[in-house]
Number of protein chains: 2
Amino acid sequence: MNDKRQDKVTITEVAKHAGVSTATAGRVLGGYGYSRQEIKDRVKQAAEELGYRPNLLARGLITGKTKTIGVVAGDIQSPFYASILRGIADVTRAAGFGILLTNSDEQIERELEAVQLLREKQVDGLIIAPSDLSGSPHLQAAVRDGCPVVLIDRAIKNLAADAVCVDNRAASRDCITRLTDAGHRRIGLVAELERWEGGDITDFLTAVEDGALDSSTLFPSWQRLYGYIDALRSAGLPIDPGLIGRVGVYSSEAARKETQRLLERPERPTALFTADGLMSAAAMHVITSLDLQIPRDLSLICFDDLDWMSFIKPGIAAVVQPLTEMGEAAARLMLARVEGDGSKPQYLALQPKFAARGSIAAPLAL
Amino acid sequence: MNDKRQDKVTITEVAKHAGVSTATAGRVLGGYGYSRQEIKDRVKQAAEELGYRPNLLARGLITGKTKTIGVVAGDIQSPFYASILRGIADVTRAAGFGILLTNSDEQIERELEAVQLLREKQVDGLIIAPSDLSGSPHLQAAVRDGCPVVLIDRAIKNLAADAVCVDNRAASRDCITRLTDAGHRRIGLVAELERWEGGDITDFLTAVEDGALDSSTLFPSWQRLYGYIDALRSAGLPIDPGLIGRVGVYSSEAARKETQRLLERPERPTALFTADGLMSAAAMHVITSLDLQIPRDLSLICFDDLDWMSFIKPGIAAVVQPLTEMGEAAARLMLARVEGDGSKPQYLALQPKFAARGSIAAPLAL
DNA sequence: TTGTATGCGTTATCAC
DNA sequence: GTGATAACGCATACAA
């Protein structure tokens with residue numbers, strides 16, 4: 001019954017139809033200001049009849065609030081980000097907020113573009129898994145401009161923003177300790193350890209040795225490596241750099257290659273710790289193809305709980321991160337900021353659970 | 001160096017700073033209209049210095065285009081939607097579009113709210129996995145108002161919108177035929193078959209018998225059941241309703257329960273076909289817990305390829321849907337519509353691939 | 001309680 | 001080519 005194209009039903013039309021001014025129409029439709037019940041009914045009915053739908057662009061332009069928050073994820077396709085996103089979506093939706101989604105693929109250039117676009121679209125805040133933990137002037141600028149930023153999964157040095165993370169170091173230390181407690185002395189680690197500002201693995205090891213490292217602003221994988229070192233040290237075991245499988249590019253192939261290298265060493269590790277979901281899947285590939293029996297030939301603990309870990313042969317022990325909870329927490333923090341909460345930035349370190357399964361056993365006596 | 005709060009750097013400021021009118025400033029910054037090179041440089045420099053960032057709300061308000069498309073997914077947490085979303089995000093990003101994301105949880109009320117919100121936010125188009133395939137006046141209204149709609153995964157009767165689907169019926173028929181070719185005569189099916197407007201399974205069977213069913217506007221699971229029936233019929237096998245595991249609620253528990261029922265029948269099926277990822281994972285749970293050997297005790301084919309299917313014991317044969325491709329196709333169709341393409345709606349039926357793996361064998365002689 | 005007038009930051013339509 | 005000025009659809013200060 002309406003026009004052919006576009007929905008040209010503006011508040012002015014409704015006002016005319018109801019025989020009131022645009023101001024009053026706005027007041028009842030927008031839910032602000034006062035008006036008589038009779039007027040309210042008349043306006044609402046007119047709106048209904050005309051099929052009025054508020055233009056949130058116009059509202060946002062004037063109020064300065066869009067009720068939209070921007071999200072920069074690494075890769076929505078990964079179960080990790082998908083779950084976090086779910087958490088974010090749930091609490092924002094409940095509050096009437098929309099989410100504008102972008103992928104960064106963990107590349108800073110992408111992130112820059114994304115943040116630029118989101119801010120041009122006037123989002124009320126930014127929830128982001130940052131790609132650069134040391135500088136990030138674009139995020140500094142955001143908080144300076146009053147655009148709240150909530151970090152997820154990792155924190156940025158000297159950025160006045162909330163962060164929702166997981167205690168990776170402790171969780172990792174705990175895993176390795178379970179393995180040493182079971183009697184393992186050669187424990188391999190497979191992790192994506194692409195970039196650390198301080199240099200390579202050896203540099204990292206000496207930095208840890210010196211104790212001059214703030215683990216909270218490391219990338220999660222490095223934190224997990226940190227925990228691995230912690231555990232070995234307190235078990236009185238030496239760190240063998242050859243047992244640290246450093247995956248330089250975040251890909252299955254690279255992870256498989258590195259796992260294969262570890263498992264084909266002359267002195268094969270008796271236990272393996274994989275530092276994230278992609279590493280775990282890649283490791284399983286290799287383990288299966290080498291026909292190794294878990295846990296007889298190899299004990300295995302994975303960071304991140306993937307669905308197959310619970311129904312595969314003996315079950316794979318895993319660290320299960322509270323992913324949707326992280327998303328929810330991040331969103332709640334964000335909403336508080338948007339509502340004007342000016343208290344000092346929070347660093348939330350959630351505790352992951354450990355799913356004990358049949359993939360841990362004592363090493364085979366040689 | 002700028003103001004404390006908000007980014008009050010408007011085009012007016014830039015114009016003033018460059019000594020030109022807001023009109024010219026707008027022309028060079030917005031990239032429309034003509035202007036001298038000298039002026040261009042001056043304006044651009046002024047913008048740079050002041051840290052000008054265009055307000056896309058204002059632009060959208062006047063142009064009527066937001067360069068944002070709304071996406072209504074079922075559940076982003078599922079690998080299915082996550083992959084599709086990835087495809088959508090990639091092509092929209094390349095075109096400078098943003099995506100506003102919502103979950104419907106396959107509930108029509110949620111979908112209604114979502115579409116309402118998205119349209120109020122003035123998205124240029126809607127990509128949606130619809131929850132109701134028969135009416136959907138809200139989507140009819142959208143296309144009527146000139147807001148392009150692209151459907152994914154399933155199509156709606158009599159809606160003038162593009163749709164990107166997969167040929168579920170054919171793919172399913174193909175799977176079952178592989179099983180009958182291998183000699184199977186008792187083939188179980190586990191699928192979420194919650195709602196079909198025509199009634200229950202028996203009604204569906206007779207409707208299929210009568211041949212009076214448009215399979216393209218059925219929910220995917222029903223299409224897959226349709227293919228199952230197709231294959232059995234052309235193999236000359238009877239349809240045993242007891243072998244159709246109908247999962248009424250979309251949950252792992254329900255799926256497990258139904259699978260268990262099937263696999264504990266006195267005459268256990270010799271092969272199983274699971275109609276989607278959730279069903280497959282649930283089925284694997286049960287199969288493992290019953291200690292059934294694949295493919296000796298049971299052949300298995302799954303719809304949707306999950307990562308574990310390639311490295312679990314003998315490998316699980318699966319239908320692999322081109323998910324990111326679906327998302328990309330949907331986004332491309334959408335962009336074309338937004339650019340003004342007025343040609344008649346397209347129904348795209350992509351062909352899934354089949355990943356043959358070691359989960360199919362001849363049934364054990366009894 | 002209601003109406004008038006103005007402004008949000010752009011783009012679009014004119015004259016010049 | 002460039003500059004006033006009027007939209008876009010709504011919210012808000014102020015007057016009535």
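What's counted below: heavy atoms across the whole structure, side chains too, no hydrogens, waters or symmetry copies. Within every chain, numbering begins at 1; the chains are lettered A, B, ... in the order of the sequence lines, protein sequences first and strands thereafter.
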Engineer: Evaluate the side-chain contact (heavy atoms from CB on, under 4.5 Å) criterion for residues B:Val43 and B:Leu29: first the C-alpha distance (whole Å), next the side-chain angles of each, then the deciding distance (0.1 Å), finally the verdict.
Structural biologist: CA-CA 8 Å; B:Val43 173; B:Leu29 262 25; 3.6 Å; yes

Engineer: Establish, with yes or no, whether the OP1 or OP2 oxygen of D:dA11 is under 4.0 angstrom from a side-chain nitrogen or oxygen of A:Arg27.
Structural biologist: no

Engineer: Tell me which nucleotide among D:dC8, C:dT11, C:dT4 gets nearest to the side chain of B:Ile11.
Structural biologist: C:dT11

Engineer: Hey, which of these two, B:Ile62 or A:Leu29, hits DNA chain D nearer its 5' end, going by closest nucleotide?
Structural biologist: B:Ile62

Engineer: Could you please name the option among C:dT10, C:dT13, D:dC8 that lies closest to any side-chain atom of B:Tyr52?
Structural biologist: C:dT10

Engineer: Would you mind telling me which of D:dT2, C:dG3, C:dT10 lies closest to the side-chain atoms of B:Ser35?
Structural biologist: D:dT2

Engineer: Identify the two heavy atoms, one from B:Gly125 and one from B:Cys147, that lie closest to each other, and give their separation to 0.1 Å.
Structural biologist: CA-SG, 4.0 Å

Engineer: Figure out the CD/C1' separation between A:Glu120 and C:dG9, and round it to whole Å.
Structural biologist: 13 Å

Engineer: Out of C:dA12, D:dT12, D:dG9, which has the shortest distance to the side chain of A:Thr63?
Structural biologist: D:dT12

Engineer: For B:Glu339, does the CD atom have more than 12 heavy-atom neighbours from other residues, nucleotides or ligands under 6.0 Å away?
Structural biologist: yes

Engineer: Does A:Lys8 put a side-chain nitrogen or oxygen below 4.0 Å from OP1 or OP2 of D:dG9?
Structural biologist: yes

Engineer: Side-chain contact, heavy-atom cut-off 4.5 Å: A:Thr66 with B:Leu57?
Structural biologist: yes

Engineer: Which atom names give the shortest non-hydrogen contact between A:Pro148 and A:Asp124, and what distance separates them?
Structural biologist: CD-O, 3.1 Å

Engineer: Return the nearest nucleotide to the side chain of A:Ala23; candidates are D:dG3, D:dT12, D:dT5.
Structural biologist: D:dT12

Engineer: Does the side chain of A:Leu61 reach to within under 4.5 Å of the side chain of B:Leu61, using non-hydrogen atoms?
Structural biologist: yes

Engineer: OP1 or OP2 of C:dT2 versus the side-chain N and O atoms of A:Thr24: is any pair under 4.0 Å?
Structural biologist: no

Engineer: What integer distance in Å separates A:Lys16:NZ from C:dG3:P?
Structural biologist: 15 Å

Engineer: Roughly, in whole Å, what's the span from CZ in A:Arg53 to C1' in D:dC10?
Structural biologist: 16 Å

Engineer: OP1 or OP2 of C:dT10 less than 4.0 angstrom from a side-chain nitrogen or oxygen of B:Thr10, does that happen here?
Structural biologist: yes

Engineer: Quickly work out the B:Lys65 NZ to C:dA12 P distance and round it to whole Å.
Structural biologist: 13 Å

Engineer: Could you state the NZ-P distance from B:Lys67 to C:dT11, rounded to the nearest angstrom?
Structural biologist: 13 Å

Engineer: Counting only side-chain N and O atoms of A:Arg59, is one of them less than 4.0 Å from OP1 or OP2 of D:dG9?
Structural biologist: no

Engineer: Base, sugar-phosphate or nothing for A:Leu57? Non-hydrogen atoms, less than 4.0 Å.
Structural biologist: nothing

Engineer: Starting at CG of A:Asn55 and ending at C1' of D:dA7, how long is that distance when rounded to a whole Å?
Structural biologist: 14 Å

Engineer: Rounding to a whole Å, what distance do you find between B:Arg42:CZ and D:dT2:P?
Structural biologist: 9 Å

Engineer: Counting only side-chain heavy atoms from C-beta out, which of D:dT12, C:dT13, C:dT11 sits nearest to A:Tyr32?
Structural biologist: D:dT12

Engineer: Look at the side chain of B:Leu61 and decide which nucleotide, out of C:dA12, D:dA13, D:dG9, has an atom nearest to it.
Structural biologist: D:dG9

